[in-house]
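FYI, the numbering just counts along the sequence from 1.
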Amino acid sequence: MNYFISVICLLLLCTYSKAQYLDEMSVKLHQPADLKKDVYLVQNTLEKENPNLYLYISKKDLDHKFDSLRMTIKQPLTSISLYVKLLSVISYIGDGHLTINIDYSKFTASDIAFLKKPTLQHPIYQFNYRVIAHRLFISENLSVDSTIAKGTEILSINDVPAAKLIDSLSHYITSDGYNTTYKEFLMNSGLFAERYRFLYPKREPLNFKLSSNKGMQQITLNAFQKPGYDSSSVARPPHTAYKLLTADSSIAYLKLQTFFNGANYEGYHGIFADIQKRKLKTLIIDLRGNTGGEIGWASSIYSFLIDTPTYFYKLPAEISRQKLLYDNPKIRDWVKKASKLNYPIVTPDTSIFKGKIYVLINGGSFSASSLLAANMRNLKNVTFVGEETGGSKNVWTAGIIKNMTLPTSKLSLAYGNMPAYFGDITNIDGRGLMPDVSISYTIEDYLANKDLEMDWVLKDIAR
């Protein structure tokens with residue numbers, strides 16, 4: 001995540017250089033007629049291939065948004081400018097797997113070299129930010145003014161209230177249905193600064209109104225020089241972490257960081273075999289921040305938790321009985337062609353865990369991670385602790401993610417074309433899976449590195 005954010009930040013700041021793809025995206029101007037063709041291509045592609053396109057927005061309203069976007073293109077624009085405009089439209093579709101991207105695979109050697117050079121950064125990047133309940137805080141101070149403490153609340157930026165900024169920026173981030181926790185998770189992972197940079201691209205001074213235990217204060221931040229990005233400084237967390245939590249080794253903790261495990265990953269059997277060997281009665285599965293990956297790895301975890309073969313998705317026959325979905329001709333056509341044999345059935349593993357399970361979830365639990373959580377909701381021995389998952393609890397559109405390069409802007413349209421239904425398909429409400437025990441953090445909790453979900457679970461086990 002931070003790599004892509006850094007790249008985009010630098011990309012937007014570059015002036016003339018010998019970099020090739022960067023110039024194509026951020027310097028070269030494209031004619032309005034050609035840019036409108038890209039917009040038409042996005043709209044037509046989604047109309048043909050996205051079966052859930054109108055699940056959360058009507059065709060009339062979406063057509064109006066695309067028409068309005070084209071009306072705003074009256075003069076030559078860069079690809080980055082079109083990127084921002086398209087983001088503001090597709091966010092209303094309610095499909096977290098649908099994104100407009102910069103094609104990083106096209107970066108040339110000169111592009112990479114340019115990105116590593118010192119550059120003049122937009123003032124917004126002098127802080128790291130934390131969004132909590134529609135309030136904005138400084139989680140890290142990167143400015144030259146060391147007197148500004150972590151945890152200071154930002155009341156406004158250039159006289160725009162923080163709550164209004166958060167609302168504005170959320171319309172440039174895609175998520176499933178009406179879910180907001182995934183958007184907040186991404187903002188707290190760096191997208192607040194990036195999206196602000198998109199909306200307010202000029203590197204003019206920013207006036208911050210702050211509130212802390214010192215009282216109210218106003219500060220001004222100017223653009224500043226900062227070294228370019230160095231990929232070698234970023235260490236990726238392990239895919240999976242397994243450990244025993246207590247001195248008596250009675251509680252197993254399994255952190256599933258991602259399901260992008262790769263073909264060479266040895267799997268989870270050894271972990272659950274060890275849990276079975278030790279006859280452990282309590283298992284904590286941590287899905288916080290797991291934004292998904294390969295469905296096979298998610299269903300593999302499920303195979304250790306069930307005692308009878310179970311389908312991971314709703315079968316075509318079940319979908320055909322749901323009027324809201326089956327009235328959609330695309331869904332109806334898809335269901336008629338679908339075969340029961342094409343649906344993954346999860347077979348119980350030999351190392352089944354039958355004890356008490358706690359699942360930790362938050363807005364970063366998305367895609368395959370939210371699918372696993374939705375299936376685990378059917379188990380009687382599970383308690384969910386945390387906040388609403390970022391991914392829908394009932395439906396998303398994913399499968400094999402397709403990528404298409406737009407001919408003029410060279411932006412990449414990424415979208416899923418397979419509708420997956422796994423929750424209560426009679427109530428497609430556009431929300432994530434809700435926890436049994438809701439946990440809320442304050443800025444003080446974050447700064448103290450507290451783990452309130454784990455604290456609650458351990459206290460509950462003790463009781």
Side-chain angles (χ1 to χ4, degrees), residues 95-97 175-176 179 181-182 185 236-242 252-273 275 283-315 342-353 357-379 381-386 388-401 416 418-425 432-435:
D95 182 351
H97 289 88
S175 68
D176 288 345
N179 175 274
T181 59
Y182 184 56
F185 170 81
R236 296 193 177 189
H239 296 167
T240 307
Y242 165 61
Y253 171 80
L254 181 58
K255 172 65 177 177
L256 301 171
Q257 188 69 42
T258 179
F259 290 124
F260 288 107
N261 294 333
N264 297 324
Y265 185 65
E266 60 186 22
Y268 308 112
H269 184 82
I271 294 173
F272 280 90
I275 293 173
L283 171 62
I284 302 171
I285 298 178
D286 193 345
L287 294 178
R288 293 174 297 179
N290 184 330
T291 56
E294 294 112 335
I295 295 297
W297 291 120
S299 63
S300 176
I301 288 291
Y302 199 50
S303 71
F304 296 100
L305 309 177
I306 56 176
D307 52 17
T308 56
T310 305
Y311 283 99
F312 218 42
Y313 301 116
K314 298 294 183 182
L315 295 175
N342 294 332
Y343 276 68
I345 188 168
V346 183
T347 304
D349 194 273
T350 55
S351 299
I352 299 173
F353 179 80
I357 301 173
Y358 295 89
V359 182
L360 312 185
I361 54 176
N362 68 0
S365 307
F366 181 73
S367 191
S369 175
S370 64
L371 171 54
L372 173 60
N375 277 280
M376 290 178 68
R377 173 59 83 188
N378 299 321
L379 306 178
N381 59 334
V382 176
T383 299
F384 290 90
V385 182
E388 176 186 355
T389 60
S392 170
K393 73 176 186 299
N394 291 331
V395 54
W396 44 243
T397 307
I400 298 175
I401 301 298
M418 186 190 87
Y421 305 97
F422 36 86
D424 179 10
I425 59 175
L433 185 144
M434 299 297 178

Task: Interatomic spacing from OG in Ser303 to CD1 in Ile345 - rounded to 0.5 Å - done: 12.5 Å
Open item on the list: Any heavy-atom pair between the side chains of Ile361 and Val385 that's under 4.5 Å?
Closed with: no
TODO: Indicate the atoms forming the closest heavy-atom contact of Pro238 with Gln257, along with that distance.
DONE: O-CB, 3.2 Å
Task: Side-chain donor or acceptor of Asn179 paired with backbone N/O of Tyr182 under 3.5 Å - done: yes
Open item on the list: For His269 and Ser351: C-alpha separation, side-chain torsions, deciding distance, then whether side chain to side chain contact (heavy atoms under 4.5 Å, CB included) applies.
Closed with: CA-CA 7 Å; His269 184 82; Ser351 299; 3.5 Å; yes
Open item on the list: When you measure from the side chain of Glu388 to the backbone of Pro435, do you find a donor-acceptor pair of N or O atoms at a distance under 3.5 Å?
Closed with: no
TODO: Verify, without hydrogens or angle tests, whether Asn362 (side chain) and Gly386 (backbone) share a donor-acceptor contact under 3.5 angstrom.
DONE: no
Task: Ser365 side chain to Gly391 backbone, donor-acceptor under 3.5 Å - done: no
Open item on the list: Let me confirm one number: the CD1-CG distance from Ile285 to Leu305, rounded to the nearest 0.5 Å.
Closed with: 5.0 Å
- [ ] Compare all side-chain heavy atoms of Leu256 with those of Ile301 and state whether any distance is below 4.5 angstrom.
- [x] yes
TODO: For Pro348 and Pro309, work out which heavy atoms get closest and say how close.
DONE: CD-N, 3.7 Å
TODO: Nearest 0.5 Å please: distance from the CG atom of Asn290 over to the CG atom of Leu372.
DONE: 8.5 Å
Open item on the list: Within the structure provided, determine whether Leu254 and Asp286 are in side-chain contact (heavy-atom separation under 4.5 Å).
Closed with: no
- [ ] Find the distance between OG (Ser300) and CG (Asp349) and round it off to the nearest 0.5 Å.
- [x] 7.0 Å
Task: Non-hydrogen side-chain atoms of Thr383 and Ile357 separated by less than 4.5 Å - done: no
Open item on the list: Counting C-beta onward and ignoring hydrogens, is there a side-chain heavy-atom pair between Thr240 and Lys255 closer than 4.5 Å?
Closed with: no
Open item on the list: How long is the straight-line distance from CG of Leu371 back to OG of Ser369, given to the nearest 0.5 Å?
Closed with: 9.0 Å
TODO: Output yes when a side-chain donor or acceptor of Asp176 lies under 3.5 Å from a complementary backbone atom of Gly96, and no otherwise.
DONE: yes
Task: Closest contact, heavy atoms only, Asn261 versus Thr258 - done: OD1-O, 3.2 Å
Task: Sub-6.0 Å ring centroid separation between Trp297 and Phe260 - done: no
Task: Tyr313 side chain reached by Phe422 side chain, heavy atoms, under 4.5 Å - done: yes
Task: Ring centroid separation Phe312 to Tyr302 under 6.0 Å - done: yes
Task: Residue pair Gly292 / Ser367: nearest heavy atoms and the distance that separates them - done: CA-CB, 4.1 Å
Open item on the list: Could you check whether any side-chain heavy atom of Phe185 comes within less than 4.5 Å of a side-chain heavy atom of Thr291, counting everything from C-beta outward?
Closed with: yes
Task: Ring centre gap for Phe353 and Phe304 strictly below 6.0 Å - done: no
- [ ] For Asp424 and Asn394, work out which heavy atoms get closest and say how close.
- [x] N-OD1, 2.8 Å
Open item on the list: Within the structure provided, determine whether Phe384 and Arg377 are in side-chain contact (heavy-atom separation under 4.5 Å).
Closed with: yes
Task: Residues His97 and Thr397: side-chain donor-acceptor under 3.5 angstrom - done: no
Task: Candidate pair Thr389 and Thr181, rule side chain to side chain contact (heavy atoms under 4.5 Å, CB included), full reasoning - done: CA-CA 7 Å; Thr389 60; Thr181 59; 6.0 Å; no
